[in-house]
Amino acid sequence: MKQTMKAIRYFLLRDIRTRPLQFLSSVLVAMSAITALMLMLLYTEAAWRARVMPDHDQNYHFVVKNLSYSAKNEIANQPWAQACYEILEYDDDGNLIRDDFRIRVTWDEVWRWGDRAWEIFDKYDMWDNRAYRSAYEYNYDYILEKLQKRYYNAEVVNGQPITTSAELATKREIVLKCGNTAFISDTINSYTFQPEFFGNLTVFGMFLAAVMAILSSERYKRQMREYGTLRALGLRRRQLIALHCTHTALSSVCAIPLAAGFTWGIVDLYLRLMGDLVHADPAAMTLTESIPLPIIGWCSLWMTVLSTVGSLVVCLLYRKFPVIVLLRGEGTFQVSFVSKTSPAFEDSPDLSVYNRLYLLRTRKSQIFSVAVIAIMMPLPLMYMGFLIDDVFELQYTDALVSFLYNLFQAIFIFITSVTVTVLASAGMTDERHAEFGIFRALGIKRKRLSDAVNAQSALRAIIVAVFAVVIFVIVTDSRLQSSAVTAPMEDTLPVFLAKCLLDLIGTAVFVFPSVFGGVRLSLRRFFRRPIIDALRDTE
Amino acid sequence: MQTKLTKAERKLNRFHNHEIPENEVLVARELTKTYFQGDYHIKAVDNVFLRVRRGEFVSIVGTSGSGKSTLLHMLAGLDTPTSGQVFLDGYDIHSMDDDQFSDFRAKKIGFIFQSFHLLPVLTAKENILMPQKISGDTRYPSYFDTLTRMLKIDDRLHHLPSELSGGQRQRVAAARALINKPDILFADEPTGNLDRDSAGELIDLLLATRAELGQTLVMVTHDPAVAARADRIYHMENGVLREQKPE
Ligand SMILES: Nc1ncnc2c1ncn2[C@@H]1O[C@H](COP(=O)(O)OP(=O)(O)O)[C@@H](O)[C@H]1O
Ligand SMILES: [Mg+2]
């Protein structure tokens, strides 16, 4: 047993050394997903955001008087509290004449925390105006905004307008740090169990699992003969699975420090770009300051597990192949049992029937390839949604800020998903070069072959797009429903359908160019070489 | 009488070499294939000249690795030569445009591969009928039954290649190569996977169809008994082709 583990380790290390690019691509993919997740989780924490977002007119300032120190601490430690200030004033004798506690929030954020925020608001009676409460209760964003505008110049105790608070701030103000401490305790205690947190983890996890499944299955196909040899030499099925999955897990682990470094770099770059707007000093942010350790921990654990799961699925898919099939490298075709020659084949005058038979008889591989891309898609779709939202709100200062911030993450996600889809699509087509070679040897013209392949790819892309939208709708819908506050208005059917259509278009924008790009790449490679290269006779 | 040529025919004519006699269906000149591997290179096929007359049966023998398959692939236009020319029916196939040559392959050439190359998702019957789907040629509807009966695969028609034995796959591959009644048939060790009796039967069949259709047959073989039945025998050694002088 110990001996086998040694053999596995030896093979794995040799594998990484001889094919470093394969390992590196896996590391980079994991890195980009983990980086985006870290950036996203940082963003969902109000205190962290307060440091990199400007104080703008969608922020709301509450002032509560004469709170005890522990009460102030409790509020400051709420994950929805962006920033807190203690404003203390003394008379000439040194007596405290004023003890105000100012809290900066965004309604968005307060909503996100639902019942928990509500409790605190009740406890410290932060609703001095009934209108706030009912507007909040019904989730009327625009009413809250109006209220805030209306009180803009009025002297109110609670919900103090910005100008006044800014003036006050120049006086004797102590900034209570409500930053990462709140996050560190809350991540473990409560935030973790927030539906939104889980929602995000799920979408990101799905993305990474799918992406790794694609890379992993390409790797499996490439190494099938080697795996066959190892099995023939006595490696057990389980050990082979362990060998294959360890490669993936290892690449995720290697991606973690890279991702942390990258996240830090991006935050730094972002602050340098937006520093003036957000009044932040980029130099002040160290790595551990800008990324709380629990976030790194959570992301790493979750993403490593999920990427390994993606790899495991591939192994299970290929589990049943006998050693001889692996040795011959024939396992890539999973031809389902055929009882009889298709009657359609005899009637059909042309080649389209082959396309149909091919899809039908290799359906297991087809379903896998469609499913992984469909599972991967919700994340890029989500980011596309964020960016579109931001573009529509660019009139606000903070929209530009958040647009840029989202853009950084989106770039990672978009590049990764497009690259992987191209890879998967090219890989699937590469696998068929021998088959194409036969067709060419039988005298089929280039154009006819490309047309047939393209028709299939179009079909696959359409199916992927539809599946992706279905998954996306299910995931986002459950995320909305699980949040404590209900949406102000239920979507009517036409609105819902219109949204689905938009999602479909968004998916198509991704899927079609990358699927066809991959196919073209592979076909170009095929056509450039002599036919026999794809058919190489072995004696 | 001067007939008007279509554009495609005129285009095709540019690759026609009129100096090649009508009855020489396959001509190779200075055919060379070099594989470069790092610093050193292998001349798999070395300056081969070959002329095959219409209806002839030519066999090529030689040790393993002597370049027989490489030569056959280039003659059938499946591989590109490093230098030299191949003329089929007087047309320079390696200069021709790809579409034109594809039509050639679909209608005039049959190739039996050493390792079969059947389409794995299709049953034996579908594999055999594939060339008809490609060329759109259904001139010989009853030929399928004749072929499969003669090759004794008529009881295995609905099996996938993975469910067939090596010998059965070989015969399916032969049927596929013959279904369009090609003018010229290339066969790369077609009896390599067959027992003595089946091998004899397959050769009988190939010779019978050749006689019936006036086909030209170029066959690579290990089997001296098979080679002996050819009109002419060539020996291949280290890429060099030599004709065996009849005793
Ligand atoms: N793709 C290739 N790359 C390098 N060398 C090759 C390649 N294909 C064949 N060869 C070499 O060319 C020579 C002839 O091969 P082949 O034509 O298959 O021989 P035969 O069919 O006579 O056994 C051999 O030495 C073989 O190693
Ligand atoms: Mg050979």
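Predicted model, so just to flag it, every value in this text is computed and none were measured. Chain identifiers are assigned alphabetically (A, B, ...) following the order of the sequence lines, protein sequences preceding nucleic acid strands; residue numbering begins at 1 within each chain.
Neither the backbone nor the side chain of A/F527 has a heavy atom closer than 4.5 Å to any heavy atom of chain B. Proximity to chain B (any heavy atom under 4.5 Å) is shown, for A/R529, by neither the backbone nor the side chain. Contact annotation for B/I109: neither backbone nor side-chain heavy atoms come within less than 4.5 Å of a heavy atom of chain A. Heavy atoms closer than 4.5 Å to chain B are found in both the backbone and the side chain of A/A441. Interface remark: A/I438 contributes side-chain atoms only to the contact with chain B (heavy atom separation under 4.5 Å). Both the backbone and the side chain of A/I444 come within contact range of chain B, with heavy atoms under 4.5 Å apart. Heavy-atom distances place the backbone of B/L157, and not its side chain, under 4.5 Å from chain A.
A cation-pi contact, defined as under 6.0 Å to the ring centre and within 45° of the axis, is absent between A/R231 and A/F321.
Within 6.0 Å of NE2 on B/H41 lie no more than 12 heavy atoms contributed by other residues, nucleotides or ligands.
Remark: A/R446 engages B/D98 in a salt bridge, criterion side-chain N to carboxylate O under 4.0 Å. A salt bridge links A/K445 with B/D103: the closest approach of a Lys/Arg side-chain nitrogen to an acidic carboxylate oxygen falls below 4.0 angstrom.
Atom CG of B/N127 is separated from atom CG of B/L119 by 5.0 Å, given to the nearest 0.5 angstrom.
Below 30°, between 30° and 60°, or above 60°: for B/F113 and B/H73 the angle between ring planes is between 30° and 60°, a tilted geometry.
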